[in-house]
Amino acid sequence: MDLLENLNPNQRKAVEHTEGPLLILAGAGSGKTRVITHRIAYLMREKHVSPYRIFAVTFTNKAAEEMRKRVIGLTGPEGTSVFMKTFHSASVYILRRFGERIGIEKNFSIYDQGDQEQVIKGILEKMRIDPKKVKPSSIASKISEIKDKADLVDGARLDLLLPDYYAFDFQELYREYHQRLRQNNALDFNDLIIKTVELLRNDAPTLGELQSRWQYFMIDEYQDTNHAQYLMALLLSSQSRNICVVGDDDQSIYSWRGADIRNILDFEKDYDDARVITLDENYRSRQPILDSASHVIRNNVHRKEKNLKACKGEGEPVVWCRANNEYGEAEYVVSTMQTLKSREGFHNRDFAVFYRTNAQSRVFEDVLRRNNIPYRVVGGLKFYDRREIKDMLAYLKFIANPHDSVSLARIINTPARGIGDATVGKIRDAAVKEGVSEWDVISQGMLSGRAPKGIEEFRGIIGHAQMMASGVPGAMKLSDFVLDLFQASGYRKSLEEENSIENASRIENVEEFINSVYNFETVNPQGTLAEFLQEISLFTSEEDPLDPEARDNSLTMMTVHNAKGLEFPVVFLTGMEENTFPHRLSIDTEEGLEEERRLCYVGITRAMERMYLTNADIRRTYYGVDYKETSRFIREIPDGLLEKRTYGNDSFNGYRQERRQFGFGADLKKPDRVRDDAPSESAPAPAPEEHGSSAYRKLDRVMHPKYGAGTVIKIEGAGDNVKLTILFTTGAKTFLEKYTPLEKA
DNA sequence: TTGAGGCTTTCAACA
DNA sequence: AAAGCCTCAA
């Protein structure tokens, strides 16, 4: 097979240009992955480069996996030996082997956002700062933001970088955070990259070894690299200079994660001999789809002008549907789907529903389930985020790394074994006083006074597990070890004790988790516990492994972010409303808005045959009921390109009124949010089942056992979820009706 | 001092 | 919808 056959001239040039720096500007749907995989195959087959000398990184595990499959398809089993990973897993690979040279122990734990927040919470407590006023999550992202810029590794002065608007010493917190991570032998996601850069900079032998091992570099999604990743790529490739980066500035959607668009815009400055090749023939989308996308993205000022050509030719126009409310929107999607299936032979698997935020998936799930349409949700509540899985993982992390006090805190009383806050506090104090780890205190009986029975029990469980783990692999299989731990920890028993549906599914989930351990050990017979942990701690965005069959013929739902790099015959881009998409937190700055627009561009360009844009005029969110103004992105598409539909009649009177009042297409300054404590006659009814489920009416007098007499001033929600706001003499309170012991007075 | 259950609050995108 | 905080009973 000729590798260059079936490539257009520019794609071919990109594949053939193997030596020296190369920038590939690859528009949406221009065959980017095809070029990368063919280029790797070409290096091996035509240039006789050993697969061990090729280094390729992408952003997601999914993309890396896809690339690996396609390379193997082109080269045969040899392709397996290409180093193909995400930036993070590449860093872990390097740090595991050489990290000790800069003082990182081999068995380090990787802390995700949740773990980070636990650490921060502990520090806030120690600094006597109210965690209600200073949210650990916002501190975590602040720390992450600082580290993403990685000016640190450039030796900038820390005290100049840290924000001074906090009412406390941020610098102290920042240092304490890192000190605790060091004590716990843990790295956060940012550290993985930063420490790798530090290692490459400060340890010449490591750099030399890696530079001579890898001779050809390929970086996918280069527009989304941050400064530290940029440095990492630069250092590794600086000797061979065979670096090929691929990206599209119009698809840069991760600036909030530190992505620095300058990396791609300045590539030609970094390498004055860089060759630039542009791929501008789109093989994915029909003309009207691409035209719509272009009309949206051209409103961005900060971009390289480009001209994508659709090779697939004309097609159906893009449809824009205005629905009455979020249920109408979902029903429109379902009915359109059914029509396309019966009249045009599409299958469930051909459809994708995109939304801006995960919370929007719920309504679609409702409606799809009611219509018996199989679906899968990518992202969202992830398998590894479930409580029972996190608990089991914490056990494993702690056994692998007994310095990991965050994991310890999670499992010491899970399941309940009589070790409460007071006891944990004592252990912590003793550890600090003696200058040892908390596990030392527990395992060596260093606790003064009488230690609760639970401590003994816990020590036994961990001691037993550590002993077993030492026989993995070899005397014991990793999966058997985890199975044993599930029993021996008492976790299984505690789930079985309460015979609920919820617990039954938790047990199933743990079993599925153990199954994934089994899969791991089949692929890696010599794999250790630590290796397993490293693998899955970077594998958080993987779809739910519980329903592998579901994907056979299911509709796919995901956030627009998750959709990057994918394509579907029919795409519904939903929630096209101001403050939803573009998101309300991005709407006020030009940079924010441009990134939202790129995100919209990414969404539209995923569609191959049909594209549907939908919005709801009224949307119920946890804030209340909002009147939504149509997204400016829809207004940016010329009328002639859109086929307009409406869906859902009951509330359309309300809708029209609203429109007339606000004026469509004008520059609207009026807020589009209306709280639903307005009289309900003027507010159009949302879905019918939303109503009439409260035993109370507005202005009813009620009696609360604790707060006394009050008046109902607001009713919202439906079914078991009715929330009542009641005005007492002491002020207003909101309750879930279901849970509140109220009496009519 | 612990554990359970009731009440309250929270909600952007991700490796 | 779910997790975290708070209160109260044991």
Side-chain angles (χ1 to χ4, degrees), chain A residues 57-64 85-92 110-114 117 121 131-132 135-137 141 144 148 188-193 221 224-226 229 253-259 354-362 365-366 378-382 384-387 390 413 415-426 452 454 498 502 536-542 558-564 575 579-587 592 595-596 598-599 602-603 621-623 704-707 717 719-721 723 725 733-741:
Chain A
V57 283
T58 66
F59 266 76
T60 63
N61 292 292
K62 217 196 292 169
K85 290 178 183 288
T86 64
F87 264 108
H88 290 88
S89 60
S91 299
V92 169
I110 299 171
Y111 279 5
D112 63 18
Q113 171 124 15
E117 285 171 24
K121 233 157 101 190
K132 268 187 204 138
K135 281 191 294 177
S137 59
S141 17
S144 179
D148 269 333
D188 63 25
F189 280 125
N190 301 299
D191 287 338
L192 294 177
I193 317 281
E221 309 282 14
D224 284 331
T225 49
N226 64 28
Q229 289 163 332
I253 54 175
Y254 284 111
S255 72
W256 52 274
R257 214 174 69 191
F354 302 155
Y355 32 77
R356 178 63 178 82
T357 65
N358 278 307
Q360 288 164 249
S361 75
R362 217 198 78 242
E365 292 192 56
D366 271 8
V378 178
L381 215 210
K382 295 155 203 156
Y384 292 107
D385 281 346
R386 290 177 199 178
R387 199 180 73 198
K390 277 188 153 175
N413 201 31
R417 46 175 78 92
I419 307 174
D421 287 347
T423 312
V424 171
K426 272 193 216 160
E498 192 206 316
E502 200 193 0
I536 62 168
S537 52
L538 295 173
F539 223 70
T540 47
S541 75
E542 190 48 11
M558 64 183 92
T559 61
V560 194
H561 279 92
N562 258 315
K564 189 159 88 152
N579 289 321
T580 304
F581 195 6
H583 195 272
R584 65 190 172 88
L585 298 180
S586 301
I587 221 158
E595 179 146 322
E596 294 287 314
R598 290 191 293 269
L599 190 57
V602 167
T621 68
Y622 74 99
Y623 292 108
H704 188 278
K706 186 166 160 201
Y707 300 105
D720 281 354
N721 222 358
K723 277 193 278 185
T725 304
K733 296 260 171 206
T734 303
F735 309 97
L736 269 181
E737 178 175 338
K738 194 174 120 183
Y739 294 123
T740 314

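To find a chain, count down the sequence lines: A is the first, B the second, and so on, and within it residues start at 1.
Taking atom CZ on A:Phe189 and atom C1' on B:dC14, their separation rounds to 9 Å, with Å as the unit. Counting to the nearest Å, the P atom of B:dA13 and the CD1 atom of A:Ile253 are 13 Å from each other. Rounded to an integer number of Å, the gap from A:Lys426 NZ to B:dT1 P is 7 Å. With rounding to whole Å, A:Gln113 atom CD is found 16 Å from C:dA3 atom P. Between the CD1 atom of A:Ile419 and the C1' atom of B:dT2 there is a distance of 12 Å, given to the nearest Å. Look at CG on A:Leu585: it is 11 Å from P on B:dA13, rounded to the nearest Å. Atom NZ of A:Lys390 is separated from atom P of C:dA2 by 14 Å (rounded to the nearest Å). Rounded to a whole Å, the OH atom of A:Tyr111 is 24 Å from the P atom of B:dC14.
Within the 4.5 Å cutoff, side-chain heavy atoms of A:Phe59 are placed close to those of A:Thr225. Using a 4.5 Å cut-off on side-chain heavy atoms (C-beta onward), A:Phe189 and A:Arg257 make no contact. Side-chain contact between A:Val92 and A:Ile110 is present, with heavy atoms from C-beta onward closer than 4.5 Å.
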Pair pattern of DNA chain B in dot-bracket, where unpaired bases get dots and | marks partners in another strand, Watson-Crick or G-U under 3.5 angstrom
||||||||||.....

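Among the heavy atoms of the strands lying under 4.0 Å from A:Tyr254 are primed sugar atoms or P, OP1, OP2 only; no base atom is included.
Between A:Asn358 and B:dC11 there is no side-chain polar atom (N or O) within less than 4.0 angstrom of OP1 or OP2. Within the structure, every side-chain polar atom (N or O) of A:Arg387 is placed at least 4.0 Å from both OP1 and OP2 of C:dA3. Between A:Thr357 and B:dC11 there is no side-chain polar atom (N or O) within less than 4.0 angstrom of OP1 or OP2.
A:His561 and A:Leu599 get closest at one heavy-atom pair: CE1-CD2, 3.5 Å. Residues A:Gln360 and A:Tyr355 approach most closely at NE2-CB, 3.6 Å, considering heavy atoms.
Using a 3.5 Å distance cut-off with no hydrogens or angles, the side chains of A:Asn190 and A:Ser144 do pair a donor with an acceptor.
For A:Thr423, the side-chain atoms get nearest to B:dT2 when compared with the rest of B:dT2, B:dA15, B:dA12. Of the listed nucleotides (C:dA1, B:dA12, B:dT1), C:dA1 has the atom at the smallest distance from the side chain of A:Arg362. Taking every side-chain heavy atom of A:Arg356 into account, B:dA12 is the closest of B:dT2, B:dA15, B:dA12. The nucleotide whose nearest atom lies closest to any side-chain atom of A:Ala416 is, among B:dC14, B:dT1, B:dG3, B:dG3.
The aromatic ring of A:Trp256 sits over the base of B:dA13, with ring centres less than 5.5 Å apart and planes tilted by under 30°. Residue A:His583 and nucleotide B:dA12 are classified as a stacked aromatic pair, their ring centres being separated by less than 5.5 Å at an interplanar angle below 30°.
For the pair A:Arg417 and A:His561, nearest-nucleotide mapping onto DNA chain B gives the more 5' position to A:Arg417. Comparing A:Asn190 and A:Asn413 against DNA chain B, the residue whose closest nucleotide sits nearer the 5' end is A:Asn413.
Counting distance only, with no hydrogens placed and no angle test, the side-chain atoms of A:Ser586 and the base atoms of B:dA13 include no donor-acceptor pair under 3.5 Å.
With sequence neighbours excluded, the residues forming a salt bridge (Lys or Arg N to Asp or Glu O under 4.0 Å) with A:Arg417 are A:Glu457, listed by chain and number.
A salt bridge between A:Glu595 and A:Arg598 is present, with a side-chain N of the basic residue lying under 4.0 Å from a carboxylate O of the acidic one.
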